Amino acid sequence: MAFYLSNLIALLAIFVILGMSFNLLMGNAGLFSIAHGAFFGLGAYTTGLLMRDAGWSFIPAALAAAGACAVVSMALGIAARRVTDVYLVILTLAFQVGAIEIIRNTAMTGGAGGLIGIPRPDIFGGVLVTPEQVAGLAVVLCLLIAVALRGIVRSPFGRSLKALREDELAARSLGKATPMAKIKAFALSSALAGVAGALFAVQVRYISTADFGLDRSIEVLSLTIIGGLAVWWGPFVGAAVVLLIPESLTYLDLPDTLVGAVKGFVFSLLLLAFLLFRPQGIAGRRRRETSAPAVAPAAAPVPRQRDEAPVLVPEVAGAPVVERAGGDALRCENVSISFGGLKAVDGVTLTLRPGSITGLVGPNGAGKTTLFNLLSGLLEPDTGRVYFGDRDVTRSSLDTRARNGIVRSFQEMRLFDGMTARENLLLALTPKGDERILTPGVVLGGRHAPERERVARADEMLAYLGIAHHAETLAGDMSYAEQKLLMMGRLLATKADCYLLDEPMSGLDAAGRERILALLRDTVAQGATICLVEHSLDVIRNVCSWVVFLADGALVKEGPTAEITGDRELAAMYFGT
């Protein structure tokens, strides 16, 4: 009985590691893969061969297995930069099948007969002989990996993975290098699967490709879903359910020919029940449904608006200090872009000057959002150039321009709904260089000084926005007006020089608009450049010092706000009368 329990505990620890590795990839990064069985097998075969044929001890062999899996997985990570959803599923499925076939048809691995004669693991010169000792090794490694992953997921790198999961486009608009984040996620996840394979090799001491087929990948996926996606202790629960419940069926008085079929049936039924009745898994939490009205919170006072010139700024007590380089103008020269036979933007030349708020107006279909896409790097123009200061940024990507000081909002708010309000701000406050996999002090559960400073600044900004009480609330559970304020706060937290705001006031009541207007004035007073698309002429008159009028993709006229908004001919074009 002791032999049986020891092997069961070892297998449970191995499956927990597999679940944690897949949970990191799918639960935290939102990247779906059906190749974990192959990486599990690659880790097992690498460890077995190095220990049996090269005389390596267990720890160096396991590290080599993890490294091999990480390197091989980078090919999938690079491919994931261009393909998503069903195409990524097909790609990883092809890798899973192809990798196992290569192992099965390679003489060095034992081919279809499997790899035999794997030595017992030796740790620091001592050989682990009994099943209890091997189980202890598996449990210790499992706990060490669990602690390390908990720190990594809570680190700036972990936040960047969550942002990738929630909304890749929004993450790019904040300057996050999402392609590299995908590669890192695949590499780290696959390396952990390789460690699980290394443990499996020394635990069973005979491996074959039957242990690492597509069924294994689906099993890992299932235990992750059952335990709960993006939940730290979900893999513990999921592994226990997937491993122990089918194992308990062996105690039923069933014919040997039916045991396998009954196990498969019960497992499939269990997975179906979870998908239907608790899709968030055992450990996952159900998202709260909210029908909060689109009103601003009453906790913080609304800054009073002055009756002076549009660009003057009201005194806002407690406003966070934002240091900006300033001074660079964003301009485009003769930019055009067509979609099929439609000329969406036609030869527009425009300059957005620092320290001013420019309004971009025009009838529906005038090309305002398309022009924003060209200025922000979401689209490249067919003709013309875009400059930021004296730098030509025409071919720079959305995330590159964001890191250089040009950020934008979207017509949809594109918050990271599954992250808290504080995490939304922390993501914008964290520079790219601090989003490494291993950040000092984080893996062991602590926070290093720069992270503590960012948390303090995030809380200061939440208080300034009047939503400090929502610091730990998921962004998706906040009211519409609070989400708008959080969106603006997240943009301001980037400390950008130029902000392109696409309908920031839409859907807000008077109180919500007043808050956003105060934020805009305060931001431009600190030297930033703001350009906003807005359909409300009252907002344009109230906040903009310069207005650009577009129609049919072309710039019709630009000038001071009073001149443009008072032009009867432009008003007729705008209202269609």
Side-chain angles (χ1 to χ4, degrees), residues 173 310-311 328-337 343-379 381 384 386-388 393 398 401 405-413 484 487-488 491 496-508 513 516-517 519-521 523-524 528-567 569-576:
S173 73
V311 294
D328 286 335
L330 177 63
R331 71 184 192 277
C332 58
E333 296 181 357
N334 197 33
V335 294
S336 301
I337 190 170
K343 198 85 166 181
V345 174
D346 187 5
V348 172
T349 297
L350 173 68
T351 299
L352 304 178
R353 296 174 178 82
S356 65
I357 302 179
T358 301
L360 191 58
V361 301
N364 289 333
K368 302 183 294 294
T369 298
T370 304
L371 180 59
F372 262 24
N373 291 340
L374 294 172
L375 293 173
S376 63
L378 191 57
L379 294 174
V386 180
Y387 297 91
F388 188 46
V393 296
L398 175 68
R401 292 193 203 186
I406 306 168
V407 297
R408 62 161 300 170
S409 69
F410 299 88
Q411 290 181 351
E412 316 87 14
M413 281 181 282
K484 279 277 186 178
M487 177 202 72
M488 288 299 302
L491 283 174
D497 300 316
C498 181
Y499 298 88
L500 306 174
L501 308 178
D502 201 345
E503 300 185 25
M505 312 292 179
S506 62
L508 290 178
R513 287 189 178 192
I516 300 296
L517 288 172
L519 287 172
L520 295 181
R521 294 193 186 93
T523 302
V524 79
T529 304
I530 294 179
C531 181
L532 60 90
V533 171
E534 183 57 57
H535 289 293
S536 171
L537 290 182
D538 288 338
V539 171
I540 294 294
R541 294 188 187 99
N542 209 5
V543 73
C544 295
S545 58
W546 193 264
V547 174
V548 175
F549 194 100
L550 291 183
D552 296 325
L555 194 156
V556 178
K557 188 176 182 180
E558 62 177 316
T561 302
E563 177 184 332
I564 301 300
T565 57
D567 190 308
E569 183 178 347
L570 295 180
M573 295 174 63
Y574 186 82
F575 293 107

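What you are looking at is a predicted structure, and each value in this text was computed from that prediction instead of being measured.
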Exercise for the section: Examine distances only and state if a side-chain atom of R401 and a backbone atom of V393 form a donor-acceptor pair shorter than 3.5 Å. Expected result: yes
Exercise for the section: Measure the CZ-CE distance between F549 and M573 for me, rounded to the nearest 0.5 Å. Expected result: 5.0 Å
Exercise for the section: Return the set of residues passing side chain to side chain contact (heavy atoms under 4.5 Å, CB included) with S376 (not counting sequence neighbours), or none when no residue passes. Expected result: L378, L398, R408, L500
Problem - With K343 via salt bridge (Lys or Arg N to Asp or Glu O under 4.0 Å) - residues at least two apart - result: none
Practice task
Please determine, by modelled atom types, if D502 and T369 share a side-chain donor-acceptor pair under 3.5 angstrom.
Solution key: yes
Practice task
List for me each residue that meets side chain to side chain donor-acceptor pair (under 3.5 Å) alongside T565, sequence neighbours excluded, and say none if there are none.
Solution key: none
Handout entry: Contacts of type side chain to side chain donor-acceptor pair (under 3.5 Å), residue D346, not counting sequence neighbours
Key = none
Exercise for the section: Identify, with sequence neighbours excluded, every residue that meets side chain to side chain contact (heavy atoms under 4.5 Å, CB included) alongside D538. Expected result: S536, R541
Problem - V361 to E534 - nearest heavy-atom pair and separation - result: CG1-O, 3.9 Å
Practice task
Apply side chain to side chain contact (heavy atoms under 4.5 Å, CB included) to D567 and list each qualifying residue two or more places apart in sequence or on a separate chain.
Solution key: K557, E569, L570
Fill in the blank from the handout: Tightest non-hydrogen contact, residues I540 and T561, listed as O-CG2, 3.7 Å
Exercise for the section: Heavy atoms only: give me the nearest V533-P504 pair and the separation to one decimal. Expected result: O-CD, 3.7 Å
